[in-house]
Amino acid sequence: MDENKVIICRCEDVTLKEIRDAIREGFTTVEEIKRVTRSGMGPCQGKTCGLLIAKEISQMTGKPMEEIELQSIRPPYGGITFEEVTKGTVMENDK
Amino acid sequence: MSKIQNLELLVVGGGPAGLSAALAAANYGIKVSLSEEREFLGGQLIKQTHRFFGSEKEYAGTRGIDILKKLIDEVNKNNNIEVLLSSRVLGIYEDNIVTILNDHKMKKYYPQSIIFATGASEKFLAFENNDLPGIFGAGAVQTLMNVYGVLPATNVLMIGSGNIGLIVSYQLLQAGVKVAAIVEAAPKIGGYSVHASKLRRLGVPILTSHTIKKAIGKEKVEGAVICELDSNWNEVKGTEQLIKCDAICLSVGLTPLVDLLKQRKVKTTYVSELGGYVPLRDENMETSIKNLFVAGDVSGIEEATAAMIEGQIAGLSVAKRIGKNSKDEIEERIEEAKNELELLRSGPVGKKIRKGLSKLGLNHGKNYNEKFSEEALDISHLMKTGVPSEENLKNKLPSEEKVFDKGPIAISECFQRFPCDPCVKSCLFNAISENANINNIPYVDFEKCTGCGICVSKCPGLAMFVIHKNFSETTSVVIMPYEFLPRPHKGEIVKVFDREGKYLCDGKVIRILDGKFQDKTAAVSIEIPKEYYLQARNFKVEEGNHG
């Protein structure tokens with residue numbers, strides 16, 4: 001199998017080779033791999049790659065899946081413009 | 001200072017679980033706000049054109065899209081429910097403030113309780129060239145076809161034989177798309193056998209113990225290389241074969257969509273039986289955060305029927321806590337719903353779910369009647385191939401040949417234990433029984449059966465047939481369910497096939513029942529040479545015959 005041709009993170013175009021290299025370098029949590037490869041930082045927020053990366057870590061390190069955490073997920077869930085943020089807030093002066 | 005709106009109950013997600021949760025709570029006077037990110041309600045039900053399994057009480061035998069209409073109608077009529085469409089929940093914070101993007105504004109809410117019914121997302125698969133255009137998730141294919149009326153391709157290779165893979169394959173065929181094959185890595189078919197049999201009768205190969213190695217193509221998918229797997233899931237050398245196709249459809253499972261739960265730091269744990277990372281929760285669907293409930297696929301992957309019942313339990317639990325009156329009545333209804341769930345999960349197909357739940361410390365399997373958790377028949381051949389064995393068939397056919405002499409009789413070709421009863425409930429003569437448990441296999445009492453054919457249109461698995469062996473000196477008639485277009489004309493000659501999709505003989509259409517009652521599953525009577533009455537189980541209408 002050509003690891004360079006297997007895409008794990010479709011949003012950020014991260015390949016299986018890049019994920020495996022990161023694990024070999026010692027990055028063995030999904031959160032760390034997200035930071036060094038950008039996987040999971042695209043619009044889908046890791047819904048495609050998160051589980052695949054966790055499985056890859058489990059296979060390469062021998063750690064059971066139950067001991068592997070997904071990456072942190074913070075608000076906002078999905079893209080939003082600054083205009084949308086400020087419009088939704090009723091300021092005291094506005095009244 | 002920002003204005004924050006107080007809410008009694010916020011339900012996130014307008015699918016079967018969310019709608020049921022909103023209704024259950026609103027019916028006890030709770031003010032509910034239902035937030036749905038799309039511009040319409042329904043979740044996955046919006047594309048489910050097939051009939052549902054399960055108990056009649058939970059809409060079994062009804063098509064997903066029709067269940068949806070009923071639920072939406074009830075929601076719209078309920079004055080206690082405010083529906084927020086095109087409203088994406090963006091965040092939930094430690095103080096339980098929820099932000100929702102609605103009408104291009106980020107608004108803040110402070111709900112007393114929340115039910116997350118956010119559903120699931122599809123799993124993806126790692127193989128070479130898995131980013132080529134033409135590689136779809138099964139859900140996307142179903143949305144394209146059944147919601148937007150767009151054909152995704154002309155010849156599809158399906159990866160995965162769970163119920164979604166099987167159902168979407170069937171719907172592709174209904175839409176006129178060829179399905180090259182269904183590839184399954186496990187040694188047996190993942191979905192219900194009746195769905196698999198339906199596809200085999202239509203000539204679709206199901207390759208168990210096979211996997212996809214790579215997609216082929218320059219600009220887009222032109223084919224795929226698949227290979228066989230041994231009992232240790234390792235590739236068997238020299239078994240590679242090229243399958244030509246213009247799309248690859250991935251149906252390799254769902255995983256709970258726990259993103260919002262993780263924002264609120266709800267405890268989650270990995271349970272493979274439930275599809276991935278799932279929230280810890282109690283039997284009333286409450287998570288590790290007080291007043292924060294879950295329902296449906298986000299709490300573990302199951303069928304829509306289970307999602308609706310879980311929604312009820314969550315909604316009722318909120319009503320019980322907030323409401324001042326009718327606590328005993330609510331408690332009673334919660335118990336009823338829990339019993340219903342238990343029944344649904346008590347058969348062999350519920351085994352995986354039960355194992356997963358026990359890992360969460362729920363149910364411990366103690367309530368389950370183990371008698372129903374094993375298959376009544378040896379269906380290993382059926383689950384490997386989609387075709388029932390001679391032995392299986394012998395079990396469901398009359399023990400004596402002379403029974404066929406009495407006239408037309410219904411034959412049930414349902415061999416697997418799972419919770420389903422529309423055939424039993426549809427029979428006006430009480431001729432079909434599953435012996436007091438919805439998980440049992442139905443048997444026909446040939447003495448009582450009149451061969452009327454009502455059950456042929458009612459079975460969601462298309463596993464009911466009527467056979468009139470001695471229709472004439474030389475011919476028999478088989479009534480078969482038919483869900484394709486164009487419909488045959490009376491008197492038309494059609495090609496008749498067996499359970500493996502092999503051509504048997506030509507047959508003559510002598511009657512078509514295709515009214516409102518049949519609800520688009522026509523019961524078509526085909527006259528065939530007598531020697532084939534035990535084999536003829538499908539037919540195709542020749543293209544050119546219809547102008």
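To find a chain, count down the sequence lines: A is the first, B the second, and so on, and within it residues start at 1.
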In chain order, what residues pass the side-chain hydrogen bond (donor to acceptor under 3.5 Å, both in side chains) check against A:Thr48, with sequence neighbours excluded?
none
Crowded around B:Lys359 NZ? As in, over 12 foreign heavy atoms under 6.0 Å?
yes
Tell me the closest heavy-atom pair linking A:Leu51 and B:Gly275, and the distance in Å.
CD2-O, 4.3 Å
What's the shortest heavy-atom distance between A:Lys55 and B:Tyr270, and which atoms?
CE-OH, 3.5 Å
Determine the minimum heavy-atom distance between B:Gly91 and A:Pro75, stating which atoms define it.
CA-CB, 3.8 Å
Without placing hydrogens or testing angles, list every side-chain donor-acceptor pair under 3.5 Å for residues 217-227 of chain B, not counting sequence neighbours.
residue: B:Glu222; atom: OE2; partner: B:Lys218; partner atom: N; Å: 3.4

Turns out that what part of B:Ser121 lies under 4.5 Å from chain A's heavy atoms comes down to side chain
Between A:Thr15, A:Ile8, A:Leu70, A:Ile68, which has the largest tally of heavy atom pairs under 4.5 Å with chain B?
A:Leu70
Donor-acceptor contact present, side-chain B:Asn130 to main-chain A:Ile7, <3.5 Å:
yes
Can you list the residues of residues 248-264 of chain B that sit under 4.5 Å from chain A, counting heavy atoms only?
B:Thr255, B:Leu257, B:Asp259, B:Leu260, B:Lys262, B:Gln263
What is the minimum heavy-atom distance between A:Gly79 and B:Leu101, and which atoms define it?
O-CD2, 4.4 Å
Sequence neighbours excluded, which residues qualify as side-chain hydrogen bond (donor to acceptor under 3.5 Å, both in side chains) partners of A:Glu3?
A:Arg20
CA sep, side-chain torsions, deciding dist, call: A:Val6, B:Phe127, side chain to side chain contact (heavy atoms under 4.5 Å, CB included):
CA-CA 5 Å; A:Val6 181; B:Phe127 57 91; 5.8 Å; no
Taking A:Gln45, A:Arg10, A:Glu56, A:Glu83 one by one, which has the highest count of heavy-atom pairs under 4.5 Å against chain B?
A:Arg10
For chain A, the option from B:Lys213, B:Glu128, B:Lys214, B:Lys123 that forms the most heavy-atom pairs under 4.5 Å:
B:Glu128
Shorter than 4.5 Å, heavy atoms on both sides: which option in A:Asp13, A:Leu16, A:Ile80 has the most such pairs with chain B?
A:Ile80
With a cut-off of 6.0 Å (strictly less than), are more than 12 heavy atoms of other residues, nucleotides or ligands near OH of B:Tyr110?
no
Going by side-chain contact (heavy atoms from CB on, under 4.5 Å), A:Lys87 matches just one of B:His104, B:Lys107, B:Lys105. Which one?
B:Lys105
Around atom CD1 of B:Ile164, are there more than 12 heavy atoms from other residues, nucleotides or ligands closer than 6.0 Å?
no
Can a donor-acceptor pair be found, under 3.5 Å and without considering hydrogens, that links the side chain of A:Glu84 to the backbone of B:Met106?
no
Atom group of B:Lys265 that falls short of 4.5 Å from chain A, counting heavy atoms
neither
Out of A:Met65, A:Glu69, A:Glu67, which one racks up the most heavy-atom pairs below 4.5 Å with chain B?
A:Met65
What part of B:Val89 is in contact with chain A, defined as an atom under 4.5 angstrom from a non-hydrogen atom: side chain, backbone, both or neither?
backbone
